[in-house]
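Below: one structure, written as structure tokens.
Read the numbers this way: they start at 1 and go in the same order the structure lists the ligands and their atoms. Computation of the quantities below employed the complete heavy-atom set of this structure, encompassing side-chain atoms and omitting hydrogens, waters and symmetry-equivalent molecules. Count residues from 1 along the sequence.
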Amino acid sequence: MIPDKDKEELRVRSIRNGSVIDHITAGNALNVLRILGITGISTAIVSVVMNVPSKRLAFGRKDIVKIEDRELVPAEVDKIALIAPQATINIIRDYEVVQKKLVVLPDLITHVVRCPNLNCISNSAEPIYSKFRVLDSFVLRCSYCESIIDSDIATYLI
Ligand SMILES: Nc1ncnc2c1ncn2[C@@H]1O[C@H](COP(=O)(O)OP(=O)(O)OP(=O)(O)O)[C@@H](O)[C@H]1O
Ligand SMILES: [Mg+2]
Ligand SMILES: [Zn+2]
């Protein structure tokens with residue numbers, strides 16, 4: 001019999017250096033990868049764990065993402081707040097957690113989500129990046145046309 005604690009460890013192997021994004025709202029691991037620009041063509045070594053039990057999160061489930069040899073910087077961490085406001089970012093060096101960061105909701109986000117208004121100038125051929133003011137968790141207002149996104153932010157991710 002493998003004790004529960006060790007089973008937990010077996011889900012994902014330890015990494016020597018990199019970032020562990022923990023306490024991601026269950027179901028959002030792939031959106032976190034999208035926000036970080038990690039796609040099928042990237043060479044990053046990434047482990048994803050979905051729907052593991054968590055005492056801390058709503059519905060008792062969370063996702064975890066582990067990225068080797070990459071330390072997330074504040075601008076990346078804050079974008080994660082849009083879809084996983086309870087996430088914690090652990091920076092790992094030589095197998096140890098050397099830093100733990102909470103995500104902070106940014107005031108403005110540029111080129112992260114597209115405007116739902118198809119006539120918005122940020123959706124035109126003009127070389128303009130989308131820009132949204134973050135009014136609250138999960139509520140964004142387009143700085144060009146004032147359209148509001150207040151649900152399903154993930155579906156608007158660029
Ligand atoms: N070397 C490592 N390789 C991979 N994952 C790691 C490594 N060290 C820690 N982790 C993971 O990083 C997260 C944070 O580790 P920590 O030891 O701080 O756990 P914790 O005390 O449960 O923290 P928290 O209070 O944030 O939940 C956990 O999900 C843990 O499994
Ligand atoms: Mg924990
Ligand atoms: Zn707009």
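Some N or O of Ile15 is nearer than 3.5 Å to an N or O of ligand 1, by distance alone.
Which parts of ligand 1 touch Ser14 is read off a 4.0 Å heavy-atom cut-off, strictly below it: atoms 3 (N), 4 (C). Ligand-side atoms of ligand 1 in range of His23: 24 (P), 26 (O), 27 (O), range being under 4.0 angstrom from any heavy atom. Residue-ligand proximity, Arg56 to ligand 1, at heavy-atom distances under 4.0 Å covers atoms 24 (P), 25 (O), 26 (O), 27 (O).
Asn90 contributes atom CG, which lies 10.5 Å from atom NZ of Lys101 (distance to the nearest 0.5 angstrom).
Looking at Glu96, Lys100, Arg93, Lys66 and measuring to atom 16 (P) of ligand 1, the nearest heavy atom belongs to Lys100.
A pairwise comparison of heavy atoms in Ala87 and Ile80 identifies CB-CG2, 4.1 Å as the closest pair. Residue Ile15 comes nearest to Tyr95 through the heavy atom pair O-CD2, 3.1 Å, listed as atom of the first residue, atom of the second, then distance.
Not close to ligand 1: Arg16, with no non-hydrogen atom less than 4.0 angstrom away.
Checked options Ile83, Ile149, Ile158; the residue passing with Val113 is Ile149 (criterion: side-chain contact (heavy atoms from CB on, under 4.5 Å)). Of the residues listed (Ile24, Asn28, Asp63), the one engaging Met50 in a side-chain contact (heavy atoms from CB on, under 4.5 Å) is Asp63, and it is the only one.
Here the angle at the Zn ion (ligand 3) defined by SG in Cys120 and SG in Cys115 stands at 110°, rounded to 10 degrees.
Residue contacts with ligand 1 for Asp22 involve side-chain atoms from C-beta outward but no N, CA, C or O (heavy atoms, distance under 4.0 Å).
For Glu68, the salt bridge (charged side-chain N to carboxylate O under 4.0 Å, His left out) criterion is met by Arg13, not counting sequence neighbours.
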